[in-house]
Amino acid sequence: MSLAPSTSGTMKAFRGKLHFPIIMLCTIAFISLLYTERISILLSSNPFSKIKSCSKRGSVIKNDDHRNATEDKIDGSVVDDRFVFDPEECSVENGKWVFNRSIKPLYTDRSCPYLDRQVSCHKNGRPDSDYLHWEWQIEDCTLPRFDPEVTLEKLRGKRLLFVGDSLQRGQWQSLVCMVESTIPEDQKSIRRGRAHTVFKAKEYNASIEFYWAPFLVESNSDLHIIGNPKERILKVDSIAKHAKHWEGVDILVFNTYVWWMSGYTIKSYWGSFPNGEEGYEELEAPAAYRIALKTWANWVDSNVNPNKTRVFFTTMSPTHMRSADWDNPEGMRCFNETKPFLKKGFWGTGSDKRVMRVVAEVLKRMKVPVSVLNITQMSNHRVDAHTKVYTETGGKLLTDEQKADVLHNSDCIHWCLPGVPDTWNQIFLAHL
């Protein structure tokens with residue numbers, strides 16, 4: 001595809017021969033263009049950014065087109081000329097949050113019986129609701145609306161399994177709640193386990209499942225959670241105990257991030273140590289993350305048949321602990337925020353670019369193709385959508401006294417449901 005509008009009319013008018021100096025100038029200009037493009041790619045801060053040479057809309061606007069576009073402006077509105085979503089063409093991270101009161105969630109925290117109390121913000125007393133009416137608009141294409149029946153048809157006869165931490169569990173709960181109301185009561189069921197929970201849509205012979213593995217690899221804090229991060233020890237080269245539950249699944253969606261960010265170093269060990277857990281080494285978090293992700297990648301490459309199973313990886317869900325990041329130095333974490341921070345390209349300290357690069361580098365070397373659900377950039381803006389003090393801790397709702405101490409008790413990690421994870425699933429469905 002041409003990088004510039006057609007110049008055929010100009011060439012027909014110029015019938016003389018091109019002189020050698022003109023040819024040299026054109027050659028130098030072309031080489032400079034390629035060099036500049038190459039440098040811009042190398043300097044890109046987002047390892048998952050897609051570089052597109054052209055748009056399906058076409059790159060030339062003729063005078064007649066301009067006049068028609070002007071005539072199409074009615075009452076200040078402009079015809080949307082973005083093309084239909086294509087995972088190979090659209091960069092979901094390039095977009096903006098737009099407030100749209102007409103947007104209604106497909107469920108509430110009272111209508112869906114499968115939501116944890118931890119994420120049921122309205123039920124827990126959150127007074128504002130504007131955070132429910134923002135939609136992510138991608139710059140160059142349109143993200144299709146989530147359709148519960150289309151989703152269930154795509155899952156007919158299949159097992160879908162989300163694997164990861166409580167943020168991944170939130171995405172699983174979001175998807176279940178977005179489809180469950182269309183299923184008759186006698187055609188759906190749920191079986192909850194400590195690590196593995198299965199929701200079934202019987203009529204579709206489909207299951208939407210969640211498996212708890214916060215690090216993906218094994219640790220001493222998998223089921224019996226150790227509150228003090230300094231006491232957690234990871235087996236960064238061991239994954240079989242978890243992975244045996246992932247075999248034979250049709251669609252796998254993995255995620256791991258926030259548990260790795262609880263300290264500068266992580267106690268890690270691998271191989272056979274005669275002294276057991278005393279053989280660990282203190283590794284910097286990104287280094288331990290890289291080893292663990294390679295362990296996961298090796299399992300996928302060795303055990304997944306890409307002709308039968310699709311694999312997805314959800315990028316990191318950002319945290320919002322430092323209000324100065326979004327130009328509110330007097331703020332109390334995310335507590336007082338009621339709308340997104342709309343500065344284009346905003347990237348806070350709750351998203352570690354080193355981890356993003358590790359994910360990009362490991363996935364690039366895998367034999368089995370992995371589809372990336374890049375939710376980080378869009379979620380970075382949503383300082384307003386966390387559970388804050390409208391949540392629980394230790395299995396109990398926060399007391400009034402705890403709610404009053406917003407600086408220490410605002411949860412700026414997890415997301416209210418309905419909320420931001422619904423958009424993650426909108427993107428996920430568009431990729432299916």
Side-chain angles (χ1 to χ4, degrees), residues 1 40-41 44-59 61 69 72-73 76-106 130-148 150-151 154 171 174-175 178 253 255 310 312-318 326 339-348 351 353 356 359-360 363 369-385 415 418-432:
M1 180 175 289
S40 68
I41 293 173
S44 172
S45 62
N46 189 337
F48 294 107
S49 292
K50 295 184 177 70
I51 305 298
K52 295 187 284 295
S53 61
C54 60
S55 165
K56 290 183 178 179
R57 298 192 297 266
S59 58
I61 301 177
D72 283 336
K73 293 182 180 180
S77 63
V78 181
V79 173
D80 190 344
D81 64 344
R82 296 174 298 163
F83 57 85
V84 177
F85 182 85
D86 179 346
E88 297 301 318
E89 290 282 340
C90 299
S91 299
V92 296
E93 66 271 22
N94 295 325
K96 60 183 178 181
W97 288 100
V98 177
F99 187 76
N100 185 347
R101 179 68 71 181
S102 66
I103 292 179
K104 305 293 183 185
L106 292 170
D130 279 356
Y131 71 94
L132 296 171
H133 304 290
W134 292 85
E135 66 174 338
W136 181 249
Q137 289 187 0
I138 304 173
E139 287 182 359
D140 50 7
C141 57
T142 57
L143 194 60
R145 296 278 186 212
F146 186 93
D147 189 317
V150 169
T151 303
K154 289 189 175 186
Q171 186 177 358
S174 162
L175 185 61
M178 291 169 86
V253 186
N255 159 267
R310 285 197 67 180
F312 291 84
F313 194 95
T314 304
T315 61
M316 59 192 177
S317 173
W326 53 92
K339 63 181 181 179
F341 184 59
L342 299 177
K343 183 178 180 180
K344 186 176 176 61
F346 167 66
W347 194 279
S351 302
K353 288 188 176 182
M356 287 286 276
V359 173
L363 265 56
V370 177
S371 299
V372 176
L373 301 178
N374 193 351
I375 56 94
T376 306
Q377 181 65 74
M378 72 175 65
S379 304
N380 258 308
H381 297 279
R382 295 307 305 271
V383 298
D384 59 316
W415 306 95
V420 170
D422 299 341
T423 302
W424 301 351
N425 282 319
Q426 189 181 359
I427 293 168
F428 173 53
L429 175 61
H431 275 80
L432 277 179

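Everything quoted here is computed from the prediction, not taken from an experiment.
Atoms CG and CD1, on Leu373 and Ile427 in that order, are 7.5 Å from each other to the nearest 0.5 Å. With rounding to the nearest 0.5 Å, the separation of CZ in Phe146 from OG1 in Thr151 is 3.5 Å. In this structure, CG in Leu143 is found 10.5 Å from CH2 in Trp136, a value given to the nearest 0.5 Å. His431 contributes atom NE2, which lies 9.0 Å from atom CG of Asp86 (distance to the nearest 0.5 angstrom). Note that CD of Gln377 and CE of Met356 are 8.5 Å apart. Values are rounded to the nearest 0.5 Å. Within the model, atoms CD1 of Ile138 and OG of Ser91 stand 8.5 Å from one another, a figure rounded to the nearest 0.5 Å.
Here the shortest heavy-atom pairing between Val84 and Cys90 reads O-SG, 4.5 Å. For the pair Tyr131 and Pro418, the tightest heavy-atom approach, listed with the atom from each and the gap, is CE1-O, 3.7 Å. Closest of all the heavy-atom pairs between Leu106 and Pro148 is CD1-CG, 4.0 Å. The minimum heavy-atom distance linking Val92 with Phe85 is given by the pair CG1-CE1, 3.6 Å. The minimum heavy-atom distance linking Asn380 with Val383 is given by the pair O-CG1, 4.1 Å. Closest approach of Gln426 to Pro144, counting heavy atoms only: NE2-O, 3.0 Å.
Applying the 6.0 Å contact sphere to NZ of Lys154 captures more than 12 heavy atoms from other residues, nucleotides or ligands.
Side-chain atoms of His133 come within 3.5 Å of backbone N or O of Ile103 as a donor-acceptor pair. In this structure a side-chain-to-backbone donor-acceptor pair under 3.5 Å is present from Thr315 to Ile375. Between the Arg382 side chain and the Pro318 main chain, no donor and acceptor come within less than 3.5 Å of each other. With hydrogens and angles ignored, the 3.5 Å screen pairs a side-chain donor or acceptor of Thr376 with a backbone N or O of Met316. At distances below 3.5 Å, at least one donor-acceptor pair connects side-chain atoms of Trp97 with backbone N or O atoms of Met378.
Classified by interplanar angle (parallel below 30°, tilted 30° to 60°, perpendicular above 60°), the ring pair Phe346/His381 is tilted.
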Discussion item. Assess the residue pair Ser371 and Arg310 against the criterion (side-chain contact (heavy atoms from CB on, under 4.5 Å)); give the C-alpha distance rounded to whole Å, side-chain angles, the decisive distance to 0.1 Å, and a yes or no.
Written reply: CA-CA 8 Å; Ser371 299; Arg310 285 197 67 180; 3.3 Å; yes
Practice prompt. Please step through side-chain contact (heavy atoms from CB on, under 4.5 Å) for the pair Val98 and Lys96, ending with a clear verdict.
Written response: CA-CA 6 Å; Val98 177; Lys96 60 183 178 181; 4.0 Å; yes
Worksheet item: Checking side chain to side chain donor-acceptor pair (under 3.5 Å) for the pair Thr423/Trp134: CA distance, chi angles, key distance, verdict?
Response: CA-CA 10 Å; Thr423 302; Trp134 292 85; over 6 Å; no
Item to complete: Could you check Arg101 against Asp130 for side-chain contact (heavy atoms from CB on, under 4.5 Å), going step by step and ending with a plain yes or no?
Response: CA-CA 8 Å; Arg101 179 68 71 181; Asp130 279 356; 3.0 Å; yes
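Taking 4.5 Å as the limit, every side-chain heavy atom of Asp140 sits out of range of all side-chain heavy atoms of Asn94.
Between the side chains of Trp415 and Ser174, no donor-acceptor pair of N or O atoms lies under 3.5 Å.
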